[in-house]
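One structure is given here, and the rest of the page talks about it.
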Protein chains: 2
Amino acid sequence: MTQQLDDHWFTEVFDSHGSAFSLKISEKLLDVQSPYQHLEVYATQTYGNLMVLDGCVMLTDRDNFLYHEMMSHPALFTHADPRRVVIIGGGDCGTLREVLKHPGVEKVTQIDIDEEVTKASERFFPALTSSNDDPRAELLFEDGVKWIDTAPAESVDIIIIDSTDPVGPAEGLFKVDFLAKCHRLLRSGGVMVQQSESPLYHSTTIIRELRADMRKAGFDSVATLPFPQPVYPSGWWSATLAGKGMDVNVFREDAAARADLALDYYSVELHRGALVLPPFMRHQLAD
Amino acid sequence: MTQQLDDHWFTEVFDSHGSAFSLKISEKLLDVQSPYQHLEVYATQTYGNLMVLDGCVMLTDRDNFLYHEMMSHPALFTHADPRRVVIIGGGDCGTLREVLKHPGVEKVTQIDIDEEVTKASERFFPALTSSNDDPRAELLFEDGVKWIDTAPAESVDIIIIDSTDPVGPAEGLFKVDFLAKCHRLLRSGGVMVQQSESPLYHSTTIIRELRADMRKAGFDSVATLPFPQPVYPSGWWSATLAGKGMDVNVFREDAAARADLALDYYSVELHRGALVLPPFMRHQLAD
């Protein structure tokens, strides 16, 4: 006996992993074909609004705090004094909002190729775009790889790659030549962080290759931090940090403990715990 | 555009949370109506074999290590010297196997009402039943609540409630009078652990109530440990520990670090990290 889903459900099938995740929807709110991707927004029954790009779940109101906090605060509390931050992708602006919670940050440039994503987020996820008017925020809608090519070397403290999966438009963001460009852009002591897929599904493939490519690109240290993410494949996700002339396996624990950023998932203890990989990942990621 | 699942998929719908999880199946291996429940086993495309009870996913080959390790090792490394262990439910024998990895354990009694579950596990999940012949293991097939009623008081070090969800047959295992029976059965210094559903879905309901009921039943300390579990609702699950005359928020870190149990998920650092709840859970579980 298996249950059937009628057309009141949005389903994303993860073909290569033989699993699927579905959310019950009450209404379709938006359906736009941008020059870059197919963008949909649904109202769900219990997850608030849902954003979908090319059929893949990007975020929901209910659980995006996990991803956005883990894509930002570990990197910011790892860098000694982060002032200049660049976000590639991240058009929903949730990562931008988290970064701007750090008072020491002087400027954040977010470069997403697709302005439609930000427009949809302003309309349907207003909490995520609530910091877009911060004078420290700069929103550009252009090709992030080209932007990095022309930006001055050693001008940035933190680069956050808040991209879609490494297939299609974002594939290049996982390659060694792109990672080398990020390395060039960072000042010494700089940190980059890349969303790096599922610990269960991708430890022997994407995560392992990304870590090796980060080292090939010149980074001196890497750290993969797993975290739960119910709406992504396997419900378990990861962020991989890389350090230029510094070790991303240690962080400013005192600052993280003292900071009062009103977060829902990240804490100093959480960060400490996430830095220690479960044994199966340690084995699968070993060189 | 949403994808449709044909009848090569097994789908479990979590109605009250408006989400669903599906696995692609290649074959149905077993379909039995026991006196207690409807038991199915499928071969899946990428998760190995899958056991289903009354339409709910119980376990798969691929990810059961997460649940079984977290239902056993935190409790065993929290108790000062665990020798006598009781498992209520747990008919697949995966928790039993983990408990028996501890050399100090002298006897483990597993009481599951439904022998068909163990028979199915022996046939389709042989890795999980590989310790059933251990002379320290006792397998009983009867009502666990009745067994606890007649067992001598203060005769057990650890009770593990490895049950299905708190609806239907297992509902009584979450009630305060059952928890009081567990408390009576435990020696001073004893630990009980209960699977306690999803941090995202149940922090303000089942988890909160279970913790309150454990205290009402006489326990002196409680601790809820979250962990990823891809095949369970939201992909994120928890185990809640309770201590009799002892604090379950501290554990034998040295022993956990020294032990060489060949585990895939549990480690001393993992345990330490899991004891610190994410801020949103701390708020939702606050009295």
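The model shown is predicted, which means the values in this text are computed figures rather than measured ones. Below, chains carry the letters A, B, ... as their sequence lines are ordered, and counting in each starts from 1.
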key: Test side-chain contact (heavy atoms from CB on, under 4.5 Å) applied to L5(A) and T11(B), step by step   = CA-CA 8 Å; L5(A) 301 174; T11(B) 293; 4.1 Å; yes

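Taking CG from L275(A) and CD from E269(B), the interatomic distance works out to 11.0 Å, rounded to the nearest 0.5 Å. Distance check: L263(B) CG to F280(A) CZ gives 13.0 Å after rounding to the nearest 0.5 Å.
Within residues 61-70 of chain A, the residues that have a heavy atom under 4.5 Å from a heavy atom of chain B are R62(A), D63(A), F65(A), L66(A), listed by number.
Side-chain contact between Y47(A) and L200(B) is present, with at least one heavy-atom pair separated by less than 4.5 Å. Put simply, the side chain of V13(A) reaches to within 4.5 Å of the side chain of W9(B), judged on heavy atoms.
With a 4.5 Å cut-off on non-hydrogen atoms, S198(A) does not touch chain B at all. For L23(A), the parts lying near chain B are the backbone and the side chain together; criterion is any non-hydrogen pair under 4.5 Å. Both the backbone and the side chain of S19(A) come within less than 4.5 Å of a heavy atom in chain B.
Contact tally against chain B (heavy-atom pairs below 4.5 Å) for S267(A), P278(A), A20(A): the top residue is A20(A). For the set S16(A), G18(A), A262(A), the count of heavy-atom pairs under 4.5 angstrom toward chain B peaks at G18(A). Interface summary for chain B: among A274(A), S234(A), G235(A), the most heavy-atom pairs under 4.5 angstrom belong to S234(A).
Remark: H17(B) engages no residue in a side chain to side chain donor-acceptor pair (under 3.5 Å) (not counting sequence neighbours).
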